[in-house]
Amino acid sequence: MTYQQYEIFLYNNLGTFILVFFLCLIAYYVIFKKHIISIFDPMFFNIFGAASALCVAIVLFINDVISSSFFLNIILTEIAFI
C-alpha cells in the first residue's frame with residue numbers, strides 16, 4: 001500500500017479510525033495510569049504514539065487489508081512491550 005492509497009483509505013474510514021484510536025488510548029491509559037502524572041509527561045507522549053500505531057493496525061485488520069497473522073504478530077508484540 002502506497003502512502004497515497006493509505007491516505008485515501010484513512011479518509012474513507014476516518015470515523016472508525018477515531019473511535020478505535022480513543023478506545024486504544026483509554027486502554028493504554030488504564031494500564032499505565034500509575035505512571036502518568038499529566039498530559040505533559042513524556043510517558044503520555046509515548047503512550048499516545050503507541051496507541052496511534054496500534055490503532056492503525058486494528059483499523060487495517062477490521063477492513064481486511066492485513067492478514068490475521070500480521071495482526072496477531074502486532075498484538076503479541078504490544079503485549080510483550082507492556
Side-chain angles (χ1 to χ4, degrees):
M1 177 179 280
T2 64
Y3 291 122
Q4 185 179 15
Q5 289 172 336
Y6 176 72
E7 289 171 0
I8 293 169
F9 172 78
L10 183 63
Y11 180 74
N12 290 334
N13 296 299
L14 192 59
T16 306
F17 183 82
I18 291 171
L19 176 68
V20 171
F21 173 72
F22 281 116
L23 291 176
C24 289
L25 195 60
I26 290 168
Y28 272 107
Y29 179 74
V30 167
I31 293 170
F32 293 109
K33 67 182 172 185
K34 290 189 276 184
H35 304 288
I36 300 172
I37 298 169
S38 71
I39 63 169
F40 300 111
D41 189 15
M43 182 71 171
F44 178 77
F45 293 119
N46 289 335
I47 290 171
F48 189 83
S52 299
L54 183 60
C55 171
V56 169
I58 291 172
V59 170
L60 290 174
F61 179 71
I62 288 172
N63 291 303
D64 291 328
V65 177
I66 59 172
S67 66
S68 59
S69 64
F70 287 130
F71 182 68
L72 182 62
N73 286 332
I74 293 167
I75 296 299
L76 292 176
T77 303
E78 290 295 320
I79 290 171
F81 284 142
I82 290 174

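Atom set for the values below is all heavy atoms of this structure, side chains included, hydrogens, waters and symmetry mates excluded.
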Just how far is it from atom [atom1] of [X] to atom [atom2] of [Y], taken to the nearest 0.5 Å?
| X | Y | atom1 | atom2 | value |
| --- | --- | --- | --- | --- |
| Y28 | L23 | OH | CG | 13.0 Å |
| I18 | N13 | CD1 | CG | 11.0 Å |
| I37 | F44 | CD1 | CZ | 13.5 Å |
| I47 | L25 | CD1 | CG | 8.5 Å |
| F61 | I74 | CZ | CD1 | 10.0 Å |
| I82 | E78 | CD1 | CD | 6.5 Å |

Establish whether [X] and [Y] are linked, either directly or via other cluster members, by ILVMFWY side-chain heavy-atom contacts under 4.5 Å.
| X | Y | value |
| --- | --- | --- |
| F17 | I62 | yes |
| F81 | F45 | no |
| V20 | Y29 | yes |
| F70 | L72 | no |
| L19 | I58 | no |

Heavy-atom nearest pair, I36 first then D41, reads CA-OD2, 3.6 Å

Check: F48 ring centre within less than 6.0 Å of F21 ring centre |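 Judged by ring-centre distance (under 6.0 Å), F48 and F21 do meet the cut-off.
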
Residues, nucleotides or ligands: over 12 heavy atoms within 6.0 Å of L76 CG =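 Counting neighbours around CG of L76, more than 12 heavy atoms of other residues, nucleotides or ligands fall under 6.0 Å, so yes.
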
Count the heavy atoms belonging to other residues, nucleotides or ligands that lie under 6.0 Å from OH of Y6, then report whether that count exceeds 12.
->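 Result for OH/Y6: enclosed.
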
